[in-house]
Amino acid sequence: MQASGGSVKPFVHFNAKQDAELLYKAMKGLGTDEDTILMLLTSRSNDQRQQIKAAYKKSHGKDLVKDLKSELGGKLEDLLLALMAPPASYDANELHKAIKGAGTEDDVLIEILASRAPEEIINIIKAYKKDHGAKLEKDIMGDTSGHYQRMLVILLQANREEGVDELTVEKDAKDLYSAGEEKFGTDEDKFINILGNRSVEHLRKVFEAYRKVAGCDLEESIKEECTGNLEKVLLAVVKCIKSVPAYLAECVHDSMSRAGTDDGTLIRIMVSRSEVDMLDIRAHFKRMYRQSLYTTIQEDTAGDYQKALLYLCGGND
C-alpha cells in the first residue's frame, strides 16, 4: 500500500483572522456554538490552528485554548484541545501523563515510541524538555525496568542503521531463532538489539528469512518467548516495521472493541494521524475488520464528540 496521507489537509482559502473571529463569536454570549467550533478546527491543518491561536490573541488579548477549555467539557474538550497542540508537544504531553500519573500507562509509551518516525522522536524529546523541564529518557528510566526499559531507551535514540545488509539478513534471522525458539530460556538482548537497531528495510527481509528458518512468523515466537511489557513492546515494534498504519488500525480497533471505549487512545490516534496516514489506517482497518472505521466510530461514540471524530476520519470506506 502506498502512503496516501492524511484526511485533514491545509484549508485552501485560509484566513487566520477570520477563523479567530468565527471562534470568538461561537463562544461569546449565551451558550456555545459547538458545531462551528468543531467543524472549523477539524478542517484546518495543525499549522493553521497555530496561526488561528496567534490571531485570536492579537485580536482579543485572550488565550484561545483557555477559552475553549472554559466553554467545552468532557471528551469533546479533550479532542479539540488535542487538535490545538503542536504534534511534538502533544506526543510529549501524552508521554508525560503516561509516566507521571498514578502507575505508568505502558500502552501509551509503547504505542508512541514504536510508531513515530526518527525525526518525530527527536522533536518529541525537545518538546518534552521545553514543556516539562525534564529529560524524557530519564523519566522513562525512572518508571520502567529490565529488558523493557532497554528497548524503550533504544527506541528513544531514534538512530536505526541505514539500508539493507544482505550478508547479515540470514544471520539476524538465525540469531533471532536461536535466541528464542531454539534454546531453553530466551536471550532477550538479541531480540532487543536486532529489532531496536536495524533499518526498517533490513528487518522486513529478516522477517521473511525468519519465517523460512522457524516455520512461523516472528510475532508468534515473541508471544511464546516473552511476557508482559517486553512482549508488548517487541510486538508493537515488529508490527510497525511491517506497517505503521496497520498497527495503528489495530490499536484504534482495540480502543473501541473493549467494554467501554478507551477514549484516550481513540483521540490520540485520530488526532495525531489525521495529517499523516489516516487514509492508510482506514484502508487497513477495512481490510482487517471487514467494517469501515467510520461506521465503527458511529456505533461506538455519540454527540458532538462523534461528529468531530468522523470529521477527522474524513469519510466512509
Subject >> Arg211 CZ to Glu220 CD distance, which is reported to the nearest 0.5 Å >> reply: 9.5 Å
Original post:
With a 3.5 Å cut-off and no angle check, do the side chains of Asp172 and His202 form a donor-acceptor pair?
Top reply: yes
**OP:** Answer yes or no: are there more than 12 heavy-atom neighbours, outside Glu166 itself, under 6.0 Å from its atom CD?
**Re:** yes
**OP:** For Leu155 and Val233, run side chain to side chain contact (heavy atoms under 4.5 Å, CB included): C-alpha distance rounded to whole Å, both residues' side-chain angles, the deciding distance at 0.1 Å, then the answer.
**Re:** CA-CA 10 Å; Leu155 293 175; Val233 72; 4.1 Å; yes
Subject >> Donor-acceptor pair, side chain of Asp143 and main chain of Asp139, under 3.5 angstrom >> reply: no
Original post:
Salt bridge check: are Arg204 and Glu201 linked by an N-O gap of less than 4.0 Å?
Top reply: no
Original post:
Any side-chain heavy atom of Val252 sitting closer than 4.5 Å to one from Thr265?
Top reply: no
Original post:
For Lys171, does its backbone N or O pair with a side-chain atom of Thr168 as donor and acceptor, under 3.5 Å?
Top reply: no
Subject >> Side-chain heavy atoms of Asp131 within contact of Asn93, under 4.5 Å >> reply: no
**OP:** Might you point out which heavy atoms bring Ile297 and Gln306 nearest each other, and give the distance in Å?
**Re:** O-NE2, 4.1 Å
Original post:
Are Ile241 and Arg160 side-chain neighbours, meaning at least one heavy-atom pair lies under 4.5 Å?
Top reply: yes
**OP:** Go through Arg198 and Asp165 one step at a time and tell me if the salt bridge (Lys or Arg N to Asp or Glu O under 4.0 Å) criterion holds.
**Re:** CA-CA 9 Å; Arg198 304 285 191 267; Asp165 182 354; over 6 Å; no
Subject >> Nearest non-hydrogen partners of Ser292 and Asn316, listed with the distance >> reply: OG-OD1, 2.5 Å
**OP:** Locate the shortest heavy-atom distance separating Leu109 from Thr104; write the atom from each residue and the value.
**Re:** CD1-CG2, 3.8 Å
Original post:
Step by step, would you call Glu119 with Asn123 a side chain to side chain donor-acceptor pair (under 3.5 Å)?
Top reply: CA-CA 6 Å; Glu119 62 275 17; Asn123 289 332; over 6 Å; no
Original post:
Out of curiosity, Tyr305 OH to Glu34 CD, how far, rounded to the nearest 0.5 Å?
Top reply: 15.5 Å
Original post:
Any donor-acceptor pair under 3.5 Å linking the side chain of Asp217 with the backbone of Glu219?
Top reply: no
**OP:** Indicate yes or no: does Asp91 engage Arg116 in a salt bridge with an N to O separation below 4.0 Å.
**Re:** yes
Original post:
Do Tyr56 and Asp67 have side-chain atoms, one donor and one acceptor, less than 3.5 Å apart?
Top reply: yes
Subject >> Over 12 non-hydrogen atoms of neighbours within 6.0 angstrom of NZ in Lys205 >> reply: no
Subject >> Short side-chain to backbone donor-acceptor contact, Gln48 and Phe11, under 3.5 Å >> reply: yes
Subject >> Met256 CE: over 12 foreign heavy atoms closer than 6.0 Å >> reply: yes
Subject >> Nearest-0.5 Å distance that lies between atom CG in Asn159 and atom CD1 in Ile121 >> reply: 12.0 Å
Original post:
Are any of the side-chain nitrogens in Arg268 or Glu111 under 4.0 Å away from the carboxylate oxygens of its partner?
Top reply: yes
**OP:** Drop me the distance from Ser274's OG to Leu309's CG, to the nearest 0.5 angstrom.
**Re:** 11.0 Å
Original post:
Donor-acceptor pair, Asn46 side chain versus Ala85 backbone, under 3.5 Å?
Top reply: yes
**OP:** Kindly compute the distance separating CD (Glu21) from OG (Ser59), expressed to the nearest 0.5 Å.
**Re:** 5.0 Å
Original post:
Is there a donor-acceptor pair under 3.5 Å between the side chain of Lys286 and the backbone N or O of Asp317?
Top reply: yes
Original post:
Do Met141 and Leu113 sit in the same hydrophobic cluster, where Ile, Leu, Val, Met, Phe, Trp and Tyr count as joined when their side-chain heavy atoms come under 4.5 Å apart?
Top reply: no
Subject >> Heavy-atom pair of closest approach, residues Ala308 and Leu79 >> reply: CB-CD2, 3.1 Å
Original post:
Can you check side chain to side chain contact (heavy atoms under 4.5 Å, CB included) on Thr301 and Leu266, steps first, answer last?
Top reply: CA-CA 10 Å; Thr301 58; Leu266 180 57; 4.1 Å; yes
Original post:
For residues Tyr210 and Ser221, is any side-chain donor paired with an opposing acceptor at under 3.5 Å?
Top reply: yes
Original post:
Counting only N and O atoms by type, is there a donor-acceptor contact under 3.5 Å from the side chain of Gln149 to the main-chain atoms of Thr144?
Top reply: yes
**OP:** Could you tell me which non-hydrogen atom of Ala249 sits nearest to which non-hydrogen atom of Phe285, and how far apart they are?
**Re:** O-CD1, 3.7 Å
**OP:** Establish whether Ile124 and Ile154 are linked, either directly or via other cluster members, by ILVMFWY side-chain heavy-atom contacts under 4.5 Å.
**Re:** yes
Original post:
Just how far is it from atom CG of Asp78 to atom CG of Leu83, taken to the nearest 0.5 Å?
Top reply: 11.5 Å
Original post:
So do the side chains of Glu231 and Glu225 get within less than 4.5 Å of each other, counting heavy atoms only?
Top reply: no
Subject >> Residue pair Ala134 / Tyr128: nearest heavy atoms and the distance that separates them >> reply: O-CD2, 3.3 Å
Original post:
Are any side-chain N or O atoms of Gln157 and backbone N or O atoms of Val153, one a donor and one an acceptor, separated by less than 3.5 Å?
Top reply: yes
**OP:** Using the side chain to side chain contact (heavy atoms under 4.5 Å, CB included) rule, take Tyr289 and Glu250 through it: C-alpha gap first, then chi angles, then the decisive distance, then the call.
**Re:** CA-CA 9 Å; Tyr289 303 107; Glu250 190 186 326; 3.4 Å; yes
Original post:
Heavy atoms, side chains only, cut-off 4.5 Å: are Gln51 and Phe14 in contact?
Top reply: yes
Original post:
Any sub-3.5 Å donor-acceptor pair from Thr42's side-chain atoms to Leu312's backbone N or O?
Top reply: no
Subject >> Among Thr227, Asp107, Asp106, the one residue meeting side-chain hydrogen bond (donor to acceptor under 3.5 Å, both in side chains) with Lys232 >> reply: Asp107
**OP:** Report yes if the side chains of Leu234 and Cys226 come closer than 4.5 Å at any heavy-atom pair, otherwise no.
**Re:** yes
Subject >> side chain to side chain contact (heavy atoms under 4.5 Å, CB included) assessment of Ile122 paired with Ile125 >> reply: CA-CA 5 Å; Ile122 290 159; Ile125 292 169; 5.5 Å; no
Subject >> Lys242 NZ: over 12 foreign heavy atoms closer than 6.0 Å >> reply: yes
**OP:** Decide yes or no for Lys25 and Asp33: does some side-chain heavy atom of the first lie under 4.5 Å from some side-chain heavy atom of the second?
**Re:** no
Original post:
Ser89 side chain to Ala127 main-chain N or O, any donor-acceptor pair under 3.5 Å?
Top reply: no
Original post:
With side chains defined as the heavy atoms from C-beta onward, is the minimum distance between Arg150 and Asp189 less than 4.5 Å?
Top reply: yes
